[in-house]
Amino acid sequence: MTASIAMVSLALASAGLQAPQAQGQTLTDQAAMNWSPCASVVETTPDDATAMECATLRVPLDYTKPAGRTIRIEVSRMKATKQAERQGVLLFNPGGPGVSGIDYLPRLAKSQLGTLRTDHDLVSFDPRGTGRSDRVDCSPSGSGHPPAGASEKEQARFYSEHEARENKRCVAQDHAFAAQLTAANIARDMDVIRRVLGERKIDYFGISWGTGLGAVYRSMFDGHVRRMWLDSVMPPHMNLEAMDGAYLRAQETRFSKFATWIARQNSKYHFGPTRTVVSKSLFKLREQLTRNPRATSAGGGAETVVDGSTVTNLMLSTRDQWAWAASNLVIVRDGGAPERTQEPAGPQINHLAYRALVCNDGSGGRDFEVTWRNEQRRQHDYQAAGGDSVFAWQCSQWPLPARPWKLRKGTSLLQLSGHIGEEVTPYSWARATKNVIGGSLMTVDNDLHGTLWTTPCGMSAVQFFRTGAAPKGKCPGHRAAQ
C-alpha cells in the first residue's frame, strides 16, 4: 500500500473529546486522505481490487494527550456507483473484537446490504490493534498439562494461572498501547474517519461486538449519526460472568427444543418418546463416552476419537443442523464415528486486541475463586451445555483496570435486530440494550449469529438506511440465495 498518511491536526485529533458540532458548522480542519487501490493491501478478486480504495490516517493513541504518540489506522471504501443519488457513507464493523474490517468490506458489498452501494459509499477500517492498522502481535503459548492426579478445581486453577501469565506477558509488550484498546477510543477513531471523509453524519452497520462499538459511538457522538442498525446485539454492560450464564442458558434452551424435536421422531431415531427420556438417553451416552472414549474411523478415513465432547457438540447444534446432528448421534450410539464437517475458516484475530477489548471494557473474570464458583453453579443448572466459562476465563488477573461502557439514549435513528435462538449474543441482550439506548427491535426467526445480511431480512436494513423506515415484527430467518 503506497497511499500517503494523512496527519490529523491537533484540533481534529482531539475531536473525540469535544461536544458534537452544531448543524451549520463547517469542517475547516478537514485533512486530506490519499486513496489508492487496495490490491496490494488486502486479498481481493479483480473486481474488488478495482472497486476498493485504501488510505491511512494517524490518530492519537491516547485522546487525553492529543500531542503525544500517534498510531496508524487503515481505512477502506467502495464509492457509490450512482453519485447523483449518493446519500452519504455507510460505515461497517463486522464484529470480533480483534478482527479486520477491511477484509469484510467485499463481503458486505456482495451481501443483501450490498444494494446500498448504489447510493452509499461503503466504508470500513481495521480498528486499532488489528489488521493493517498499528497492532501488537502476541501469539498465545501452550499451557502444558496440569500435574497428574490434580482435582478438577486444581486443573482449572492451573489453566487460569496460565491465562494470567499470558495476559501479563502480552500487555507488557506495549503497556501504553494495550491500555488504550477500548471501544471508546475506537469510537473516537471512527469520528476522526467521519470528519476526514468530510461527512457531517454517518450511517453505521455493526454485527456482534460491532454492535457494542456502535452503541458506544452513538452514546458519545449521537449528533454525528444519521441512521444505525445493530445486528446480534451485545449486552449494555459487559459483565463477563453474567455473559457466560446467558450464553449457556441459550444453549440449554435450544437443546431442550432439539430433544423435543427428536422425541417427535422417535420411530426414526429411537432415543425416546418424550423430551425427558431423550435428554436422559443422550446424557447417559455422553457419560459413557466420557468415561470410556473410543477411537474409530468412518469410511476408511483418519482415526477419530469419539468422547463425551463429541456428544455435547452434536447436542448443541443449531436448528438448521438438527436432522444432521440427530442422525450422527444415532451413529455414535451404534458405535460409529460422526460425519466430519468442513468448518469455514474463521477470521484472523489479533490475540492482544481481542483480550484487551474484552477485559478493558468488561468486568469480572479477574478472580479465579469467583469464576470457579460460577462454573460449578452453571454446571448444576445447565446439564446439556455444561458450566464452562466462555468469556470470564480470558481475563484472569488482567493487569489493567476495567472501564465499562457508558451507554445512554440518543435521538438519531436506531434499529436493532436479535436472533431468537442464538447463543453467541442471546436475544435477551438485544432487549436489555434496547432498554438502555432506545431504538426499535426486530426479531429474526433463526438461531444463527450475525446473519441478517445473509437472509432476506437484510432488505429491511436496506430500506431503513435509504428511507429511515423501521421494520415491524418478526422476520423469517432463512438464508438468502447466494
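Just so we're clear, the structure is a prediction, and the values are computed from it rather than from any experiment.
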**Complete:** Closest non-hydrogen contact found for L248 with D388 is CD1-O, 3.4 Å
**Asked** Hey, is the main chain of E252 close enough, under 3.5 Å, to the side chain of S256 for a donor-acceptor pair?
**Response** no
**Message:** Name the residue from D134, D126, T56 that meets the side chain to side chain donor-acceptor pair (under 3.5 Å) definition with R72.
**Reply:** D134
**Asked** Which value, rounded to the nearest 0.5 Å, describes the distance between S133 atom OG and I102 atom CD1?
**Response** 6.5 Å
**Request:** For the residue pair R188 and T182, confirm or rule out a side-chain donor-acceptor distance under 3.5 Å.
**Result:** no
**Side chain proximity check, S363 to L240, heavy atoms < 4.5 angstrom** = no
**Message:** Just to verify, which of R69, R169, R128 counts as forming a salt bridge (Lys or Arg N to Asp or Glu O under 4.0 Å) with D174?
**Reply:** R69
**Message:** Is there a side chain to side chain donor-acceptor pair (under 3.5 Å) between N374 and S389? Walk through the geometry before answering.
**Reply:** CA-CA 8 Å; N374 285 329; S389 171; over 6 Å; no
**Fill in**
Between M220 and R408, the two heavy atoms sitting closest are CA-NH2, 4.4 Å
**Message:** We want to know whether H419 and D447 form a side-chain donor-acceptor pair, criterion being a heavy-atom distance below 3.5 angstrom.
**Reply:** no
**Message:** With a 4.5 Å cut-off on side-chain heavy atoms, are S396 and R366 touching?
**Reply:** no
**Message:** One thing to verify: whether R319 and D445 come together as a salt bridge, which I'm taking to mean a side-chain N less than 4.0 angstrom from a carboxylate O.
**Reply:** yes
**Message:** With a 3.5 Å distance limit and no angle check, can you tell me whether Q383 reaches the backbone of H380 through a side-chain donor-acceptor pair?
**Reply:** no
**Request:** Report, as yes or no, whether the 6.0 Å neighbourhood of atom NZ on K257 holds more than 12 heavy atoms from other residues, nucleotides or ligands.
**Result:** no
**Asked** Any donor and acceptor pair, going by atom type alone, linking the side chain of R254 with main-chain N or O of L316 inside 3.5 Å?
**Response** yes
**Asked** Do you know which two heavy atoms are closest between N93 and G95, and how far apart they sit?
**Response** OD1-N, 2.9 Å
**Message:** Main chain of G387, side chain of R378: is a donor-acceptor contact present, judged purely on distance under 3.5 Å?
**Reply:** yes
**Request:** Answer with yes or no whether the side chains of R355 and N167 bring together a donor and an acceptor at under 3.5 Å.
**Result:** yes
**Asked** Within a radius of less than 6.0 Å around CZ of R264, do more than 12 heavy atoms belonging to other residues, nucleotides or ligands occur?
**Response** no
**Asked** Is a side-chain donor-acceptor pair under 3.5 Å present for D231 with T211?
**Response** no
**Asked** Would you call the rings of F92 and W453 parallel, tilted or perpendicular, where under 30° means parallel and over 60° means perpendicular?
**Response** tilted
**Prompt:** Without hydrogens or angle criteria, can the side chains of D137 and N350 be said to hold a donor-acceptor pair below 3.5 Å?
**Reply:** yes
**Asked** Between S139 and H351, do the side chains contain an N or O donor and an N or O acceptor separated by less than 3.5 Å?
**Response** no
**Message:** Between R227 and Q415, is there a side-chain donor-acceptor contact under 3.5 Å, judged purely by atom types and distance?
**Reply:** no
**Asked** Does atom CD of Q348 have more than 12 heavy-atom neighbours from other groups under 6.0 Å away?
**Response** no
**Prompt:** Is a donor on one side and an acceptor on the other found under 3.5 Å between the side chain of R135 and the backbone of G131?
**Reply:** yes
**Prompt:** Got a second to check how far I73's CD1 is from D189's CG, nearest 0.5 Å?
**Reply:** 4.5 Å
**Asked** Using the ring of each side chain (for Trp, its six-membered ring), is W322 parallel, tilted or perpendicular to F258, with breaks at 30° and 60°?
**Response** parallel
**Asked** When rounded to the nearest 0.5 angstrom, what distance separates CZ in R117 from CG in L108?
**Response** 10.5 Å
**Item:** Donor + acceptor pair across side chains of E241, T371 (<3.5 Å)
**Value:** yes
**Asked** For T433 and P235, which heavy atoms make the closest approach, and how far apart are they?
**Response** OG1-C, 3.4 Å
**Message:** Quick check: closest heavy atoms across L181 and A353, and the distance to 0.1 Å?
**Reply:** CD1-CA, 4.0 Å
**Item:** Verdict with supporting geometry, R77 and E199, salt bridge (Lys or Arg N to Asp or Glu O under 4.0 Å)
**Value:** CA-CA 14 Å; R77 72 176 177 188; E199 301 292 331; over 6 Å; no
**Item:** Residue pair D222 / T411, side-chain donor-acceptor N/O under 3.5 Å
**Value:** yes
**Asked** Do S76 and E53 get their side chains close enough for a donor-acceptor pair, meaning under 3.5 Å?
**Response** no
**Item:** Ring center gap for W229 and F464 short of 6.0 angstrom
**Value:** yes
**Asked** Should R403 and D361 count as an ion pair when the cut-off is N to O under 4.0 Å?
**Response** no
**Prompt:** For T425 and S208, what are the C-alpha separation, side-chain angles and deciding distance, and is it a side chain to side chain donor-acceptor pair (under 3.5 Å)?
**Reply:** CA-CA 7 Å; T425 54; S208 191; 5.4 Å; no
**Request:** Measure the CG-CG distance between L116 and L122 for me, rounded to the nearest 0.5 Å.
**Result:** 7.0 Å
**Request:** State, without any angle test, whether Q112 and T115 hold a side-chain donor-acceptor pair at a distance under 3.5 Å.
**Result:** no
**Prompt:** Rounded to the nearest 0.5 Å, how far apart are CG of L91 and OH of Y217?
**Reply:** 8.0 Å
**Request:** Test Y204 against every option in V225, V89, L90, L230 by the side chain to side chain contact (heavy atoms under 4.5 Å, CB included) rule and name the one that passes.
**Result:** L230
**Item:** Under 3.5 Å: donor-acceptor pair, side chain of D119, backbone of Q87
**Value:** no
**Message:** For a quick check under 3.5 Å, do W398 and N360 share a side-chain donor-acceptor pair by atom type?
**Reply:** yes
**Message:** Could you walk me through whether D381 and R377 satisfy the salt bridge (Lys or Arg N to Asp or Glu O under 4.0 Å) test, starting with their C-alpha distance in whole Å, then the side-chain angles of each, then the deciding distance to 0.1 Å, before giving a yes or no?
**Reply:** CA-CA 6 Å; D381 293 344; R377 175 181 53 78; 3.8 Å; yes
**Item:** Donor-acceptor pair between T443 and Y427 side chains, under 3.5 angstrom
**Value:** yes
**Request:** Specify the closest pair of heavy atoms between M78 and A109, including all atoms of both residues, with the distance to one decimal.
**Result:** SD-CB, 3.6 Å
**Request:** Could you verify whether a donor N or O on one side chain and an acceptor N or O on the other, from N185 and Y63, lie under 3.5 Å apart?
**Result:** no
**Item:** Electrostatic pair D203:R466 at N-O distance under 4.0 angstrom
**Value:** no
**Prompt:** Centres of the W393 and F368 rings: under 6.0 Å?
**Reply:** no
**Prompt:** Atom CH2 of W35 and atom NZ of K79: how far apart are they, to the nearest 0.5 Å?
**Reply:** 9.5 Å
